[in-house]
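Start at 1 and go down the list; that is how both ligands and their atoms are numbered. Since we're looking at a predicted model, the values are computed, not measured.
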Amino acid sequence: MNNLFIISGPSGVGKSTLIDHVLRSIPQAKLSISCTTRSPRYYEHDGKEYYFIMEHKFREMIQNGEFLEYTYCFGNYYGTPKSEIENIMKNNGICILDIEFAGAENVLNKYKNSKDIKCTSILILPPSILELKQRLIARGADSEESINCRLSEFNTEELAYYEQIYDYIITNNNLKQSKEVILNIFNNALNSEKYNI
Ligand code: ADP
Ligand code: 5GP
């Protein structure tokens, strides 16, 4: 049985920070690197956070059926290449997806009856919208327009629906505690897996 962890939450909530902690703590855990048409932030590198590609290349990949799922959000395409998940799983890795709500729902539906892949989904939420805005500003990587666009996408009605879909919800207030909680979730899911064999 392969393990797939799906992590979602609004932009700036701390997903990458928490995923980084998991990657450092669990050597088998690997991030599935998505393709995107957006430009890299100052601290991002092609092939590390994302594969940064042109829109025509993204469209070509859609046509060739290369994505497990893809979406258009904040004015750009984002997609999970099937090859990423396949390569991680082929090497007995634990796969992590950092994807938005609709993509997560798609993937969960795809694998809900799978005997080979066990999905664990985690939703990361901010303590408040104001704090989310402050984190986006403090990160210093997005324009004011992009920050406003990301905040306006954080829709509480939609959130109430998606909260029911995820196995776990972490309110990322105190970073040290959130790191402990996410590691516990990973370890519990991986250990319960061992006993189910
Ligand atoms: P995301 O991947 O969800 O867009 P990041 O991991 O890039 O978010 O985090 C956004 C910013 O918030 C970063 O500058 C990060 O250092 C900071 N951050 C993350 N978690 C916390 C926290 N619990 N308290 C305060 N700042 C945080
Ligand atoms: P950002 O531009 O802040 O890196 O990401 C914007 C949003 O796109 C985040 O919610 C992130 O989780 C989501 N995202 C990143 N890659 C993918 C992907 O491959 N598929 C989907 N559906 N969402 C993605």
Exercise. If you measure from each non-hydrogen atom of Ser178 to ligand 1, which part falls under 4.0 Å: side chain, backbone, both or neither?
Worked result: neither
Heavy atom of the protein closest to [atom] (residue, atom name, distance):
atom	value
atom 2 (O) of ligand 1	Ser16 OG, 2.7 Å
atom 12 (O) of ligand 2	Asp98 OD1, 2.7 Å
atom 10 (C) of ligand 1	Gly12 O, 3.5 Å
atom 6 (O) of ligand 1	Thr17 OG1, 2.5 Å
atom 8 (O) of ligand 1	Gly14 N, 3.1 Å
atom 4 (O) of ligand 2	Tyr50 OH, 2.6 Å
atom 23 (N) of ligand 2	Glu100 N, 3.2 Å
atom 20 (N) of ligand 1	Asn172 ND2, 3.1 Å
atom 7 (O) of ligand 1	Arg139 NH1, 2.9 Å
atom 16 (N) of ligand 2	Ser34 OG, 3.2 Å

For this session: Begin with the C-alpha distance, continue with both residues' side-chain angles, and end with the deciding distance and a verdict on salt bridge (Lys or Arg N to Asp or Glu O under 4.0 Å) for Lys90 and Glu86.
Result: CA-CA 6 Å; Lys90 202 167 62 194; Glu86 284 162 8; over 6 Å; no
Grab the two heavy atoms, one from [X] and one from [Y], that are nearest each other, plus how far apart they are.
X	Y	answer
Ala189	Lys118	O-NZ, 3.1 Å
Glu84	Ile33	OE1-N, 2.9 Å
Arg135	Pro127	NH2-CD, 3.8 Å
Glu49	Glu44	OE1-CA, 3.3 Å
Asn87	Asn91	O-ND2, 3.0 Å
Arg38	Asn76	CB-ND2, 3.2 Å

Exercise. Between Lys15 (side chain) and Pro10 (backbone), is there a donor-acceptor pair under 3.5 Å?
Worked result: yes
Exercise. Going by the angle between their ring planes, with limits at 30° and 60°, are Tyr77 and Phe58 parallel, tilted or perpendicular?
Worked result: parallel
N or O contact, [X] vs ligand 2, cut-off under 3.5 Å:
X	result
Glu69	yes
Cys35	no
Arg139	no
Lys15	no

For this session: Report yes or no: does Ser8 have a heavy atom closer than 4.0 Å to ligand 2?
Result: no
Looking at [X], which atoms of ligand 2 are within less than 4.0 Å of one of its heavy atoms?
X	value
Thr71	21 (C), 22 (N), 23 (N)
Ser11	3 (O)
Arg38	1 (P), 2 (O), 4 (O)
Ile99	12 (O), 14 (N), 17 (C), 18 (C), 19 (O), 20 (N), 21 (C), 22 (N), 23 (N), 24 (C)
Gly103	22 (N)

For this session: Just go through Gln177, Arg135, Lys179, Arg150 and tell me whose heavy atom is the nearest to atom 18 (N) of ligand 1.
Result: Arg135
Within the structure provided, determine whether [X] and [Y] are in side-chain contact (heavy-atom separation under 4.5 Å).
X	Y	value
Leu97	Ile85	yes
Glu131	Gln134	yes
Ser178	Leu18	yes
Phe67	Cys35	yes
Val107	Thr80	no
Asn106	Thr71	no
Asp167	Ile6	no

For this session: For this output row, return yes or no: ring centroids of Tyr161 and Phe101 closer than 6.0 angstrom.
Result: no
For this session: Could you list which atoms of ligand 1 come closer than 4.0 Å to a heavy atom of Pro10?
Result: 3 (O)
For this session: Give the numbers and elements of all ligand 1 atoms closer than 4.0 Å to a heavy atom of Lys15.
Result: 1 (P), 2 (O), 3 (O), 4 (O), 6 (O), 8 (O)
What part of [X], side chain from CB on, backbone N/CA/C/O, both or neither, has a heavy atom under 4.0 Å from ligand 2?
X	result
Phe74	side chain
Arg41	side chain
Glu49	neither

Does [X] come within less than 4.0 Å of ligand 1, judged by its heavy atoms?
X	result
Asn173	yes
Ala141	no
Ser11	yes

